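Both ligands and their constituent atoms are indexed starting at 1 by order of listing. Computed from a predicted structure; not experimentally measured.
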Amino acid sequence: MSGEVPCVRVAREHGEATRRTLADADLIADDYEITVEDGWLYIPISDVDAVHEVLKLDLEGAVPEHDTQDADTGTSSDADSHDPELVTKTVGERDTQTTPAELLGFDPSYERLGTAVLLDEDDDERARDISAAVLESDLPVDTVLNKASKVKGETRVRDWDLLAGDDTEVVHREYGCEFALDLAAVYFSPRLATERHRVTEQVASGEHAFDMFAGVGPFVIPFAKRGADCVGVDVNPDAIEYLRENARRNGVADRVTAICDDVRDVASEYDGWADRIVMNLPHSANEFVESAVAIAGDDCVIHYYDIQHEDDPFGPGERAIREAAEPAYEVTVETQRVVRSYAPHELNVCLDVRLER
Ligand SMILES: C[S@@+](CC[C@H](N)C(=O)[O-])C[C@H]1O[C@@H](n2cnc3c(N)ncnc32)[C@H](O)[C@@H]1O
């Protein structure tokens with residue numbers, strides 16, 4: 001099936017920037033295929049006036065009626081033009097995707113992790129209904145897991161009910177990195193992706209970065225990809241195995257040292273080593289600040305994660321760090337950030353704290 005629709009036509013090499021601009025403004029007509037022909041990208045659009053506004057097109061009034069033939073014969077010198085143009089074009093219709101919500105009649109909440117869907121449903125029957133709809137939908141999913149406990153114990157691993165699929169191992173992609181992990185054996189939360197990216201963007205090539213609670217490497221791997229020399233420590237042997245595998249998968253094994261131990265027993269080996277330290281063990285990070293200060297170099301940023309009451313979410317972390325680091329270091333809280341709401345009146349927060357000797 002195909003149809004004649006208004007499209008933005010743009011030289012292919014400039015197409016991605018235009019597509020992103022249109023997608024950000026929600027102006028792409030999703031029912032039609034984006035089409036490439038003779039060096040041109042044709043992006044079907046849903047609102048001509050709004051596109052005109054967004055792209056500031058010089059249309060002199062109307063949408064020109066290019067027929068397909070004209071468009072097809074656009075010369076390469078035409079295609080060299082940087083300016084997007086509005087045309088009408090016959091493009092293919094997209095197969096509409098069936099979503100779980102359409103099958104269920106309500107919008108279920110779930111997280112995606114690789115080809116797995118993660119549910120948080122107390123009602124077993126509802127969980128099974130959602131699982132069946134997820135599998136029947138067009139989502140590229142082969143595994144459905146329902147949370148069967150809270151994260152618990154030292155390793156922060158939770159129990160899962162396997163509702164569909166063979167096992168709990170997944171391969172997840174995040175900001176250009178690939179992470180293999182077994183949800184039944186290690187901690188991992190896709191919800192922290194944006195926060196991890198925020199921190200990763202601060203990392204400079206050649207710096208020394210130390211993750212005290214590294215898990216399967218969602219901080220360590222992108223840091224190493226930016227050229228940092230990284231040490232990741234975790235008490236969970238499965239997490240350390242995956243951290244090593246993920247370092248290999250992402251081509252950064254030469255910049256990653258993975259250590260399976262209690263980080264308090266490792267700190268003395270890295271005395272004064274770190275330019276950057278990640279402490280993502282909310283609830284008990286305060287018990288580890290002395291080790292962090294031991295690992296810190298002369299100028300070091302600590303990314304300190306905490307879960308606290310909304311009345312004073314940043315105070316306890318700042319006080320714990322000052323108590324451990326002052327007066328040897330000057331302590332500056334550079335960022336106070338709410339990462340997400342954790343529970344009613346409880347916030348998961350991050351403090352970026354600079355220690356200068
Ligand atoms: C909340 S998870 C964070 C993992 C990872 N940084 C992430 O963002 O996915 C905390 C991790 O700390 C590890 N851990 C707990 N106590 C530890 C200790 N004393 N020394 C080293 N690692 C520890 C757990 O095994 C777990 O993998």
Side-chain angles (χ1 to χ4, degrees), residues 111 113-114 118 147 149-159 168 170-175 177-200 203 209-224 228 230-247 250 256-270 274 276-295 302-308 317 337 339-340 342-343 346-352:
E111 293 171 86
L113 197 65
L118 314 182
K147 291 179 184 172
S149 77
K150 294 195 176 304
V151 291
K152 54 187 181 173
E154 195 177 36
T155 58
R156 315 308 291 150
V157 180
R158 73 168 83 238
D159 299 329
T168 45
V170 295
V171 177
H172 170 66
R173 281 175 194 76
E174 187 174 294
Y175 286 99
C177 299
E178 199 174 275
F179 300 101
L181 60 114
D182 183 348
L183 279 164
V186 300
Y187 172 92
F188 190 86
S189 172
R191 286 191 199 167
L192 300 179
T194 312
E195 169 59 17
R196 291 192 275 256
H197 186 59
R198 178 190 75 84
V199 174
T200 299
V203 172
F210 194 109
D211 189 341
M212 295 175 69
F213 314 105
V216 302
F219 287 100
V220 166
I221 301 298
F223 286 11
C230 301
V231 174
V233 180
D234 205 291
V235 277
N236 182 345
D238 292 316
I240 289 297
E241 272 311 303
Y242 279 111
L243 172 55
R244 291 192 180 122
E245 178 182 340
N246 291 330
N250 291 278
V256 173
T257 303
I259 300 171
C260 184
D261 209 338
D262 184 318
V263 69
R264 287 169 290 206
D265 297 334
V266 174
S268 60
E269 291 165 41
Y270 286 89
R276 185 178 305 282
I277 296 173
V278 178
M279 299 181 72
N280 184 17
L281 186 62
H283 290 301
S284 40
N286 62 318
E287 296 166 24
F288 294 83
V289 281
E290 278 174 17
S291 298
V293 171
I295 295 163
I302 300 180
H303 305 281
Y304 180 93
Y305 291 88
D306 207 356
I307 290 174
Q308 293 291 345
R337 202 179 122 75
V339 178
R340 61 181 170 140
Y342 179 74
E346 280 197 283
L347 300 174
N348 183 185
V349 296
C350 181
L351 293 95
D352 297 341

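- Between Pro218 and ligand 1, not a single N/O pair is under 3.5 Å apart.
- With ligand atoms numbered from 1 in the order given, ligand 1 contributes 21 (C), 22 (N) to contacts under 4.0 Å with heavy atoms of Met212.
- If you look at Arg196 next to ligand 1, the close heavy atoms, those under 4.0 Å, all belong to the side chain.
- Listed by number with element, the atoms of ligand 1 under 4.0 Å from a non-hydrogen atom of Ala214 are 5 (C), 6 (N).
- From Asp182, atom CG reaches atom CD of Glu241 across 12.5 Å, with rounding to the nearest 0.5 Å.
- For atom 15 (C) of ligand 1, the closest heavy atom belonging to the protein is Glu154 O, 3.1 Å.
- Taking every heavy atom of Phe288 and a limit of under 4.0 angstrom, the matching atoms of ligand 1 come to 19 (N).
- Residue Ile240 holds its CD1 atom at 9.5 Å from CG of Asp261, rounded to the nearest 0.5 Å.
- Across every non-hydrogen atom of Val157 and Asn236, the tightest pair is CG2-ND2, 4.0 Å.
- Leu192 is listed as a side-chain neighbour of Asn348, based on a closest heavy-atom distance under 4.5 Å.
- Under 4.0 Å from ligand 1, the heavy atoms of Asp261 that appear belong solely to its backbone.
- The two atoms that bring Val231 and Val220 nearest to each other are O-CG2, 4.4 Å, heavy atoms only.
- Looking at Glu195, Arg276, Arg196 one by one, the single match for side-chain hydrogen bond (donor to acceptor under 3.5 Å, both in side chains) with His303 turns out to be Arg276.
- Within the listing of ligand 1, atoms 25 (O) sit less than 4.0 angstrom from a heavy atom of Asn236.
- The proximity of Leu281 to ligand 1, defined as any non-hydrogen pair under 4.0 Å, is limited to the side chain.
- Of all the atoms in ligand 1, the ones that sit under 4.0 Å from a non-hydrogen atom of Asp262 are 19 (N), 20 (N).
- Of the protein's heavy atoms, Val263 N, 3.0 Å lies nearest to atom 20 (N) of ligand 1.
- The protein heavy-atom contact nearest to atom 4 (C) of ligand 1 is Phe213 O, 3.3 Å.
- Ring centroid separation for the pair Tyr242 and Phe188 does not come in under the 6.0 Å cut-off.
- Of all protein heavy atoms, the one closest to atom 18 (C) of ligand 1 is Val235 CG1, 3.7 Å.
- The line from OH of Tyr305 to CG of Leu351 is 10.0 Å long, rounded to the nearest 0.5 Å.
- For the pair Lys152/Asp159, a side-chain contact is recorded, criterion being any heavy-atom separation below 4.5 Å from C-beta on.
- Taking the side chain as every heavy atom from C-beta outward, Arg158 and Val151 approach each other to under 4.5 Å.
- Closest to atom 2 (S) of ligand 1 among all protein heavy atoms lies Tyr187 CD2, 3.4 Å.
- Between Arg156 and ligand 1, not a single N/O pair is under 3.5 Å apart.
- For a threshold of 3.5 Å applied to N or O pairs, the pair formed by Asn280 and ligand 1 contains at least one separation below that value.
- If you check which protein heavy atom lies closest to atom 25 (O) of ligand 1, you get Asp234 OD1, 2.6 Å.
- When all heavy atoms of Leu243 and Ala258 are compared, the pair lying nearest together is CD2-CB, 3.7 Å.
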